[in-house]
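Scroll down for the structure; my scribbles are underneath it.
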There are 2 protein chains.
Amino acid sequence: MTDRYKNLFSTLDQSALSRADKVHLRDQNLALLLRKIWAGHETTRATLARQTGLSRSSVSSLVDHLIDMRLVEERGEGISTGGRKPTILRFNYQSKFILGLDIGASHLGAIIIDLNGQVISWRQEPAPVRLQPAQSLHQLNRLIQEILDESITNRDQLLGVGIAVPSPISPQNPQYLSPTFMPTWRDINLIESISIPDNIPLLIDNDANVGALAEVWWGAGQGCNQLAFIKLGTGVGAGFIIDGKVFRGHGGSAGELGHMVIDPEGPTCVCGLQGCLVTFVGSQPILKHAQKLGLEHQKITDLLSALKEGDPIARDVISSVAKSLGLAVAGLMNMMNPERVILGGDLALAGDSLLHPLRECVQTRSLWSAISNSNIVTSTLGEQVIALGAATSILQRTLTQPNQVFTQWRG
Amino acid sequence: MTDRYKNLFSTLDQSALSRADKVHLRDQNLALLLRKIWAGHETTRATLARQTGLSRSSVSSLVDHLIDMRLVEERGEGISTGGRKPTILRFNYQSKFILGLDIGASHLGAIIIDLNGQVISWRQEPAPVRLQPAQSLHQLNRLIQEILDESITNRDQLLGVGIAVPSPISPQNPQYLSPTFMPTWRDINLIESISIPDNIPLLIDNDANVGALAEVWWGAGQGCNQLAFIKLGTGVGAGFIIDGKVFRGHGGSAGELGHMVIDPEGPTCVCGLQGCLVTFVGSQPILKHAQKLGLEHQKITDLLSALKEGDPIARDVISSVAKSLGLAVAGLMNMMNPERVILGGDLALAGDSLLHPLRECVQTRSLWSAISNSNIVTSTLGEQVIALGAATSILQRTLTQPNQVFTQWRG
DNA sequence: AGACTTTGTTTTTTTATCAAACAAAGTATT
DNA sequence: AATACTTTGTTTGATAAAAAAACAAAGTCT
């Protein structure tokens, strides 16, 4: 393994390992306080001590460390509650910035966020990703230069880069895409193809996975311990968050909802199977279905405009989509019993027109106990969700293992 | 919350909490050593120091503590490897025993194991659990007395009691069964109905969940990080293990594979839905199906005997079952990408007659990436698996949080 | 004005680990 | 057989981190 890979976070879940590893107490407490301050926006040393159970003296010492790292600042005094006025501690959300890249089947997106998830800069453009990898990578590297030049004065401010790809990612080889879904990308090493300095941490993950992460951090999934994010686009994929972490399955391909078999006698899918969900609710099949019924559109968004204007054909098409999707979602809920299911992608913009028939279908196909405490909603993060999630994966690592992340710059 | 519930382990996954909690370093290292000694059967202080990275002096001190707790013993001297002979440390597997209870839809089972999973005693008998809770509880309490009297001289030797039930369990109210599946058990408080002294830890969980646990500890799932256990019996349920822990979903009802809709136009199920998997592969529907084709049996095991003798009707029935089951398993694998799927219950005794057509069906319904590193096998633990798993849940808690478990007896 | 509170720091104590020294008991070499 | 080296496990002192206690600062409440 070359030096280039030192900064690549393993996508492997490390809980199994860290359990067997020696614990570095101070690092853990440092991360614990960092998360509390991050989540609280403003707090005080005394409050932190009460919340964490650490002593006031330990908290003082640890907070000093965080201030030295420039992640936390003192911001004047707060209001007395019957004694000395506390010193307000504030997370320094603008001390670093994160780049998130969204490599879609037919588009590229790039976002810069601060440590509070605020969007500093955002760009998106069409690109022939699936068919022309070389050209797309060139385009992507230009996009990266542009957005960095625009938003960041000093490269030291770049905390890391998260990359989302439209393919399952194997934990062992995150730099290569799946030959099944992206045949033209075979043998292309994504890490080496991207022009980011060697000492900047990189993280590659599946688009639906990071979409789920974005929703639980910033969107409709806040506060959920178990959630599923379904990305409805050219393809259909799901990402799962379980107890704050992305669930990837054994080979990294968990969440392949798009290739659940809905109709064993259905049409043949690009993956080779028959009657996959994506052959009913992928963008292309939907548009074709509408076309057959006499409604011609090139984009899902155009179809949805027609829907809003009350077009009965569009309505029928969407409700037929809801029924197919409902079968898969019902299966998902029976199987995994998530707290919330969040629909994302172009199609989710249909809102209630999609949700109402979908919920109805799910109700007739799921156990009461599996859905009684659950709900299905649409994403609130729009087209940025994937790029945002990619960036969030870097932020998550920073807040859980700050010292590991920050030594990247020291070495 | 009364004292009675102090000893009831929450079935809630505590990882989210413990992350936010202060770390008790010595407790963690104690548990770490305990697990290493447990897994190694026999080891030495020097070996432990090398394996864990702890210093020899720390190991010595911690091991002394474990010896005081009577969990570990010194067992003479080992062979020299060029220097002083090491002292052999041996896990004291017989220092405590665990009671596991299997409350099935129509049977009761009770098992006593030592800390190495060795079965000390095992009983099983039919019982009208689903329809007559009061009588069944009476029967169960008699069974508990009998098996304890038979195997355990001193009640101090009982480390805890694990209970498996044929119903989803809500993490908030583990003592009540689901009214949907066990309507006659409504308002019955399971914890208070079982005659076990108040100071003995109890753990209630769903049968498929603990079945999965048994397989990963003692059976066909050893070494797996992600596995699914499918219990094929009167009902059909799945249990998931993710990174060593049972995955329960938000409301505790993850794994309801039996109520995945296989055929939207299929027969109505007891749960109220239509075409559930269980209406095709539950014991009763299978026997009825065979009956229709002219093969009359009262039990699945009888049907399987016929199968072994080459009965073509039995063969057809099983392969039809495999096809239905295959649809659900394929969905499971696409969605969760487990390393291994293990079939348990009476039907799993069919072995290859079931596995071959099942694997074939799954292959034509699952993505290559979701199944290429996975396999489907049958359980190796037989009819004890559920009771064994219930007991194992207590063992797991003991080995991960020994101090928490043992203070139960000191208080 | 005086008593009590709350906060944050400083000092001291406690806890847990580690490193080094050491004793015990072996093997390998000459 | 004597000596040198190894390995193990304990003991002793050093170090790191946290907690407890004491304290100073700055408030509120009566």
Side-chain angles (χ1 to χ4, degrees), chain A residues 18-34 36-37 40 42-69 72-90 401-403, chain B residues 18 20-34 36-37 40 42-69 72-90 401-403 407:
Chain A
S18 65
R19 259 181 151 195
D21 258 1
K22 228 174 18 174
V23 173
H24 296 269
L25 194 49
R26 194 166 173 94
D27 282 0
Q28 283 206 205
N29 284 335
L30 200 73
L32 175 60
L33 286 184
L34 188 65
K36 291 276 181 197
I37 300 173
E42 289 197 343
T43 185
T44 70
R45 290 175 175 84
T47 307
L48 287 171
R50 277 189 297 266
Q51 283 180 348
T52 59
L54 292 165
S55 67
R56 288 209 307 276
S57 43
S58 298
V59 169
S60 265
S61 157
L62 289 162
V63 165
D64 284 351
H65 192 342
L66 291 174
I67 290 175
D68 284 348
M69 291 170 88
V72 172
E73 292 175 327
E74 293 190 336
R75 281 284 198 174
E77 298 179 325
I79 302 154
S80 163
T81 58
R84 174 175 169 177
K85 286 193 285 192
T87 311
I88 300 293
L89 299 173
R90 192 178 157 284
Q401 302 169 358
N403 270 340
Chain B
S18 67
D21 256 1
K22 220 172 28 170
V23 173
H24 295 270
L25 194 49
R26 194 169 171 91
D27 282 0
Q28 280 203 208
N29 284 335
L30 199 75
L32 175 62
L33 286 183
L34 188 65
K36 290 276 180 197
I37 300 172
E42 287 197 345
T43 184
T44 70
R45 290 174 176 83
T47 308
L48 287 171
R50 279 189 295 267
Q51 283 180 348
T52 59
L54 292 165
S55 67
R56 289 210 306 277
S57 40
S58 297
V59 169
S60 265
S61 157
L62 289 162
V63 165
D64 283 352
H65 192 342
L66 292 173
I67 290 174
D68 284 347
M69 292 168 86
V72 172
E73 290 175 328
E74 294 191 336
R75 280 286 198 174
E77 297 177 326
I79 302 153
S80 164
T81 58
R84 174 175 169 177
K85 285 192 284 192
T87 311
I88 299 292
L89 299 173
R90 191 178 158 284
Q401 303 169 356
N403 268 341
T407 47

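Reminder, nothing fancy here: chain letters follow the sequence lines and each chain counts from 1.
- For A/Asn29, no side-chain nitrogen or oxygen approaches OP1 or OP2 of D/dA17 to under 4.0 Å.
- For A/Ser57 and D/dA20, a side-chain-to-base donor-acceptor distance below 3.5 Å is present, hydrogens and geometry of angles not being considered.
- Within residues 81-89 of chain A, the residues approached by DNA chain C to less than 4.0 Å at the level of any non-hydrogen atom are A/Thr81, A/Gly82, A/Gly83, A/Arg84, A/Pro86, A/Thr87, in residue-number order.
- Side-chain contact between B/Arg45 and B/Ser57 is absent, with no heavy atoms from C-beta onward closer than 4.5 Å.
- For B/Thr47, the side chain to side chain contact (heavy atoms under 4.5 Å, CB included) test picks out B/Thr43, B/Thr44, B/Arg50, B/Gln51, with sequence neighbours left out.
- Base contact: A/Arg56 has a heavy atom under 4.0 Å from a base atom.
- Contact annotation: A/Ser60 side-chain N/O to C/dT9 OP1/OP2 distance is under 4.0 Å.
- Backbone-only engagement by B/Ser80 is indicated by non-hydrogen atom pairs under 4.0 Å involving sugar-phosphate atoms exclusively.
- Side-chain contact check for B/Leu89 versus B/Arg75: every heavy-atom pair is 4.5 Å or farther apart.
- Look at A/Ser58 and you'll find a side-chain N or O under 4.0 angstrom from OP1 or OP2 of D/dA19.
- B/Glu77 places its CD atom 8 Å from the C1' atom of C/dA25, with the value rounded to the nearest Å.
- At whole-Å resolution of the value, CG in B/Leu54 and P in D/dA16 are 18 Å apart.
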